Amino acid sequence: MINVTLPDGSVRDYSEETTPLQIAAAISERLANDVIAAEVNGSVVDAMRPLKELAEGTSSLTLKLLTVKDAAALGVLRHSCAHIMARAVMRLFPGTGLAFGPTTGHGFYYDFDLDQRISEDDFPRIEQEMAAIIAEGEPFERFMLSRDEALELCSGMHQALKVEHIREGLAEHPTLSFYRQGEFVDLCRGPHIPRAGKIKAFKLLSVAGAHWKGDQSGKSLQRLYGTAWFSKKDQDQYLEQIEEAKRRDHRVLGKRLQLFQIDPGVGQGLCLWLPKGATIRAILEDFIKKELLEREYEPVYSPHIGRVELYETSGHFPYYRDSQFAPIFGHDAGRIIDFCIRKLQEGELSAENEATLLQAAEIMGYQHEEYRRASSIEEKIAALRKWEKQQERYLLKPMNCPHHVEIYKSQPRSYRDLPVRLAEFGTVYRHEQTGELNGMLRVRGLTQDDAHLFCMPEQVEEEFRQTLELVQFVLKSVGLEDYRVQLSVRDPASDKYVGSEENWQQAEASLRKVLSESGLRFTTCEGEAAFYGPKADFMVRDAIGREWQLGTVQLDYNLPERFELEYVGPDNKMHRPVMIHRAPFGSLERFVGMLIEHFAGAFPLWLAPEQIRVLPVTDHVADYARDVVKRLKQAGFRASADLRSCKVNAKIRDAQLELIPYMLVVGPKEAEANSVSVRDRIESRDIGMLTLEDAIAKFEQEVREKQIRQVIKSAFTIQQDETTTENEY
RNA sequence: GCUGCUGUAGCUCAGUGGUAGAGCACUUCCUUGGUAAGGAAGAGGUCAUGGGUUCAAGUCCCAUCAGCAGCUCCA
């Protein structure tokens, strides 16, 4: 007998062969019908497995029956739907190789190894086949095999990837679980729904390429994405949210509202801020500048390029070489010498090519006596490097920190001067892979609202605390109040990090301590730290529930060491300061792109590029309209008049579509009374006639308070983390 | 960077190997109006670029460039 504790606290004994499904059936037939899976001792398992398996050798367990009402059950449903999709694909495309088929935040995918291309045109027949499988309602059956049996089964089914995975990825597992549904058998950890009929709504969404085990050099697979739900209604809501996200796309709105442009003639990932977009950015910049002055930051400016040595010292150049724009060489032969060094290091330079390259470098003016004398590869590299260092080499700056470090070093610092807080809207350039570029969200030239704080070790926690407070303050000012912090620490097993063990431990401990004390929600991510230090990233949820990585605070004990930063302590000895890198918005491109989507283009009054438009009813009141605009501008508003000789209806429609917060309709009546009829974009109606003074006072208050009167939200409320479930099998 | 899809007027998009199309926007004229589109006329094109196949290419093929989706990456 097994002792089972149910969520209501009741305890009962069941025979070892009893399944959670049978327990449900004993309670009520309806419950049994609703059961999707079970939660035993906190983990989700099949409802069709006998208790003795689930108890894992013990004689008691806690059991929760998961039904369509439990979010955890949705993942089980979707994973089963992935199996059904795979089954349908195998029926329609014989010879399909199976890779992995996990669930995602809102659905599932399955990777297929298949020569024939699946396109969206194939979706209807795949969906039809899936519907047929679901209608048959066959059960999912679990069975266990030894490694040898599993290998035999998978190779018998010609599933080479599964065979490989059992041999390599699952080498530690003595036995392996499989699930059978009709003729379809798949190596799978489970759990699954009892029968296919539980799936009430599903849809294939897209097909795209993927790599076997996420390895870029691995086999190319076709990934089919889909979603599945307990009800048609849930699915419709989800699909509507996808449509809503499309409607908000900042690339579409940015074009329609003339906020920014990315022009192939200028270059991939290089953003042109059009006047309206630039206005939003300028307002945000002014807002932050003012805030930083109050918090005793000092403004600095630094150039867009710097000597390569600067980034060699910082470590950025060697670490991120492939994602930077190529260095600018002052000497014609610089590029050839640089190429030779790299190829020598990689051992890929043939004697013939070496001679050719050197001859070319010589023609360009490289003096190579020392190189000729070199007898080993190391000596050759040293000779080339020595020459290289005598030449000018510049890099478009990928980070602002080295420049700010040099500013710190420009004078001797006393402990009395610390903390030194250097702030700059620093524009940096990164040669992101073409496939990564995405509107303003991922660009090659970006401006960070950057600052570097240099402080004594004992000041670190207080500075970090204040920085967290600043980030929270600025996010709140734009109405973003739903966020969590992700603490990214190093992966102890990796060697990509610079600096000593003590420094890392100290940095991570400080961040963790302050975060814990702050009361902020935070999660820890191993292996996500920057190469020079741990960081706390702000993950902000927007109006329709999507999460964005915006602000970041990073703690750095390493750059001060690399650049040998110092200050004179009270003991009259030299000490090493600690650096904090921080950017509350992250980059202005990304931040504004995110804001466009968050507000769906309808910015609050204090941020709207055009705040007020004056609409004369007839040409006869054009002069009065101009006068109103003039007075609005004198009061500090961004306003214009629509003086076209068309009907006021048309002017209103255009202003509404341009998402201008307020429209002031003026006709003979208003001109007579020195007043305006205010139309509110949000309410989409006339809210009455005010004197111009009263209207200005109303708008001024709204701007002063940074009121956010409307955030267009999605009706969609079912939200889960966008994390893909770990897919061990 | 990889896999796939896409590229026609300023925008959104039709276009079956045989003379380049629509709606909106734009320009001009008429209209002078009261809270989401008044009317008419006009202008606007190297069909992304470069090759190829063909009597004939926007349409078929190849390459390049750019965009999109996903993968991989993100200081």
Side-chain angles (χ1 to χ4, degrees), chain A residues 104 109 111 117-121 205-225 246 249 251-252 255-256 258 262-265 267-269 311 314-317 319-324 397-402 428 430-439 441-443 446 448 450 496 498 528-533 535 537 549 552 554 556 559 581 583 586-587 590 615-622 644-658 663-670 677-681 683-689:
Chain A
T104 62
Y109 65 79
D111 286 344
R117 287 277 147 228
I118 296 178
S119 81
E120 296 204 2
D121 299 337
L205 296 177
S206 61
V207 57
H211 300 281
W212 171 237
K213 297 200 168 175
D215 177 2
Q216 200 163 155
S217 56
K219 198 170 181 28
S220 261
L221 304 168
Q222 296 188 69
R223 176 170 297 179
L224 218 46
Y225 283 89
K246 276 189 199 157
D249 190 320
R251 292 165 299 187
V252 177
K255 184 174 260 184
R256 183 160 80 73
Q258 294 175 25
I262 293 173
D263 189 324
Q268 274 190 306
Y311 310 101
S314 74
H316 289 103
F317 182 66
Y319 193 82
Y320 288 109
R321 167 119 206 195
D322 290 340
S323 46
Q324 287 168 357
K397 75 171 166 186
M399 280 296 272
N400 301 305
C401 24
V428 298
R430 298 171 184 180
H431 195 265
E432 305 284 5
Q433 301 181 56
T434 48
E436 306 310 331
L437 301 172
N438 178 298
L441 303 179
R442 196 79 184 269
V443 287
L446 56 131
Q448 300 172 313
D450 209 359
K496 74 168 195 174
V498 299
E528 296 294 309
F531 74 88
Y532 50 74
K535 54 179 187 166
D537 293 320
Q549 187 187 320
T552 181
Q554 304 174 1
D556 185 357
L559 283 193
H581 311 238
S587 90
R590 191 178 163 75
L615 310 179
V617 168
T618 80
D619 289 348
H620 308 308
V621 285
R644 294 174 301 168
S645 33
C646 57
K647 288 168 78 165
V648 74
N649 290 31
K651 296 179 185 181
I652 285 169
R653 178 170 190 271
D654 289 347
Q656 283 281 150
L657 290 176
E658 287 177 57
M663 287 151 253
L664 303 183
V665 176
V666 296
K669 268 188 296 181
E670 288 80 5
S677 285
V678 182
R679 183 188 165 96
D680 179 19
R681 182 192 62 75
E683 296 194 36
S684 196
R685 68 177 179 88
D686 186 356
I687 57 171
M689 195 157 95

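Fair warning: this is a prediction, and the values are worked out from it, not measured in the lab. Only this structure's heavy atoms are used, side chains among them; waters, hydrogens and symmetry mates stay out.
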Does [Y] offer a backbone N or O that forms a donor-acceptor pair with the side chain of [X] under 3.5 Å?
{"X": "A/Lys651", "Y": "A/Arg644", "result": "yes"}
{"X": "A/Glu436", "Y": "A/Gln433", "result": "no"}
{"X": "A/Lys219", "Y": "A/His211", "result": "no"}
{"X": "A/Arg590", "Y": "A/Gln549", "result": "yes"}

In whole Å, I'd like the distance from the [atom1] atom of [X] to the [atom2] atom of [N].
{"X": "A/His581", "N": "B/A75", "atom1": "NE2", "atom2": "C1'", "answer": "9 Å"}
{"X": "A/Asp322", "N": "B/U72", "atom1": "CG", "atom2": "C1'", "answer": "13 Å"}
{"X": "A/Leu441", "N": "B/C74", "atom1": "CG", "atom2": "P", "answer": "18 Å"}
{"X": "A/Gln549", "N": "B/C74", "atom1": "CD", "atom2": "P", "answer": "11 Å"}
{"X": "A/Arg590", "N": "B/A75", "atom1": "CZ", "atom2": "P", "answer": "12 Å"}
{"X": "A/Asn438", "N": "B/U72", "atom1": "CG", "atom2": "C1'", "answer": "15 Å"}
{"X": "A/Asp111", "N": "B/U3", "atom1": "CG", "atom2": "C1'", "answer": "12 Å"}
{"X": "A/Glu432", "N": "B/U72", "atom1": "CD", "atom2": "P", "answer": "16 Å"}

Regarding [X], tell me which of base, sugar-phosphate or nothing describes its non-hydrogen contacts under 4.0 Å with the strands shown.
{"X": "A/Val665", "answer": "base"}
{"X": "A/Lys397", "answer": "nothing"}
{"X": "A/Ser119", "answer": "nothing"}
{"X": "A/Pro668", "answer": "base"}
{"X": "A/Lys651", "answer": "nothing"}
{"X": "A/Tyr225", "answer": "sugar-phosphate"}
{"X": "A/Gln222", "answer": "nothing"}
{"X": "A/Gln554", "answer": "sugar-phosphate"}
{"X": "A/Gln324", "answer": "base"}
{"X": "A/Gln448", "answer": "nothing"}
{"X": "A/Leu221", "answer": "nothing"}

Is a donor-acceptor pair below 3.5 Å formed from side chain [X] to base [N], judging by atom type as modelled?
{"X": "A/Glu670", "N": "B/G34", "result": "yes"}
{"X": "A/Arg430", "N": "B/C73", "result": "no"}
{"X": "A/Arg685", "N": "B/U35", "result": "no"}
{"X": "A/Arg442", "N": "B/C74", "result": "yes"}
{"X": "A/Ser323", "N": "B/A75", "result": "yes"}
{"X": "A/Ser684", "N": "B/A36", "result": "yes"}

What nucleotide among [options] has an atom nearest to a side-chain atom of [X]?
{"X": "A/Thr618", "options": "B/U32, B/C71, B/U35", "answer": "B/U32"}
{"X": "A/Arg251", "options": "B/U35, B/G34, B/A69", "answer": "B/A69"}
{"X": "A/Ser677", "options": "B/C74, B/G34, B/U32", "answer": "B/G34"}
{"X": "A/Asp619", "options": "B/C2, B/A36, B/G33", "answer": "B/G33"}
{"X": "A/Met399", "options": "B/G33, B/C11, B/A75", "answer": "B/A75"}

Nucleotides 37-39 of chain B: which of its N/O atoms have a protein N/O under 3.5 Å away?
| unit_1 | atom_1 | unit_2 | atom_2 | d |
| --- | --- | --- | --- | --- |
| B/A37 | N7 | A/Arg653 | NE | 3.1 |
| B/A37 | N7 | A/Arg653 | NH2 | 3.3 |
| B/A37 | N6 | A/Arg653 | NH2 | 2.3 |
| B/A37 | N1 | A/Arg653 | NH1 | 3.0 |
| B/A37 | N1 | A/Arg653 | NH2 | 3.3 |
| B/A37 | N3 | A/Arg653 | NH1 | 3.2 |

Discussion item. Between B/U27 and B/A69, how far apart are the two P atoms, rounded to whole Å?
Written reply: 33 Å
Discussion item. Can you check the distance between B/C74 and B/A36, where both ends of the measurement are the C1' atom (answer in whole Å)?
Written reply: 44 Å
Fill in: Lys/Arg N to Asp/Glu carboxylate O, A/Arg679 vs A/Asp686, below 4.0 Å
no
Worksheet item: When you check the gap from the basic side-chain N to the acidic O, do A/Glu683 and A/Arg685 get nearer than 4.0 Å?
Response: yes
Discussion item. I want to confirm an ordering. Mapping A/Arg644 and A/Gly435 to their closest nucleotides on RNA chain B, which one lands closer to the 5' end?
Written reply: A/Gly435
Fill in: Straight-line distance of A/Cys401 SG to A/Tyr532 OH, nearest 0.5 Å
5.5 Å
Worksheet item: To the nearest 0.5 Å, how far apart are CG in A/Leu441 and CG in A/Leu446?
Response: 12.0 Å
Worksheet item: Less than 4.5 Å apart, any side-chain heavy atom of A/Val666 and any of A/Val617?
Response: no
Worksheet item: Closest approach of A/Lys496 and A/Ala529, non-hydrogen atoms and distance?
Response: NZ-O, 3.8 Å
Practice prompt. Please report the closest heavy-atom contact between A/Gln268 and A/Leu437, naming both atoms and the distance.
Written response: CB-CD1, 3.8 Å
Worksheet item: Does the ring of A/Tyr320 meet both stacking tests against the six-membered base ring of B/A75: centre distance under 5.5 Å and plane angle under 30°?
Response: yes
Worksheet item: Has A/Ser220 got a side-chain N or O lying under 4.0 Å from the OP1 or OP2 atom of B/C2?
Response: no
Discussion item. So, does A/Gln268 get its side chain near the phosphate of B/A66, meaning an N or O under 4.0 Å from OP1 or OP2?
Written reply: yes
Worksheet item: Does the side chain to side chain donor-acceptor pair (under 3.5 Å) test come out yes or no for A/His581 and A/Asp556, once each step is laid out?
Response: CA-CA 7 Å; A/His581 311 238; A/Asp556 185 357; 2.8 Å; yes
Response to the item:
Dot-bracket for RNA chain B, 5' to 3', Watson-Crick and G-U pairs with both distances under 3.5 Å, [ ] for crossing pairs, | for partner on another strand, reads (((((((..((((....[..)))).(((((.......))))).....(((((..]....))))))))))))....
Discussion item. Set out, in order, the CA-CA distance, both residues' side-chain angles and the distance that settles side chain to side chain donor-acceptor pair (under 3.5 Å) for A/Asn400 and A/Gln448, then state yes or no.
Written reply: CA-CA 9 Å; A/Asn400 301 305; A/Gln448 300 172 313; 3.0 Å; yes
